[in-house]
Amino acid sequence: MLCPMSIIEQLEAAGEVLSPGVRAATQGLEATVALLRERVRELEARLAQNSTNSSKPPSSDPPGVVRPAKKPKGKKRGG
C-alpha cells in the first residue's frame, strides 16, 4: 500500500532529525521499492495470461486450465 507521506516525512513528523546521508539512502530505497512494486505488478499480469486472453497457443497453458465449451453449430458430425 502506498502511504501519502514518504518515510522521511513520517520520521520528521515524529520529531526525528535525519542526516543528509540517511535522507539520501532512504530516498534511494523508496525509489527502488517503487520500481520493484511496478515490476511485480507487470510479472503478475504476465503470469495471469493464458491462451484465452493472449496470443499464446493452447499448448503453452499449464495443466488444469479450463477452456470454454464450443457452441454447437447445428450440423451433425460426420460425412
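Throughout, residue positions are numbered sequentially from 1 according to the sequence presented.
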Any side-chain heavy-atom pair of Glu12 and Arg23 under 4.5 Å: yes

Output yes when a side-chain donor or acceptor of [X] lies under 3.5 Å from a complementary backbone atom of [Y], and no otherwise.
| X | Y | result |
| --- | --- | --- |
| Glu30 | Ser6 | no |
| Asp61 | Ser51 | yes |
| Ser60 | Lys56 | no |

I'd like to check the side chain to side chain donor-acceptor pair (under 3.5 Å) partners of Thr26; sequence neighbours left out, ordered by chain and number. none

Sequence neighbours left out, what passes side chain to side chain donor-acceptor pair (under 3.5 Å) with Arg39? Give chain and number order. none

Cluster overlap Ile7 with Leu29, hydrophobic side-chain contacts below 4.5 Å: no

Stepwise side chain to side chain contact (heavy atoms under 4.5 Å, CB included) test for Arg37 and Glu42: CA-CA 9 Å; Arg37 283 185 178 166; Glu42 291 171 3; over 6 Å; no

Here the gap from Arg41 atom CZ to Glu44 atom CD, rounded to the nearest 0.5 Å, amounts to 9.5 Å

Could you tell me which non-hydrogen atom of Met5 sits nearest to which non-hydrogen atom of Gln10, and how far apart they are? O-NE2, 3.2 Å

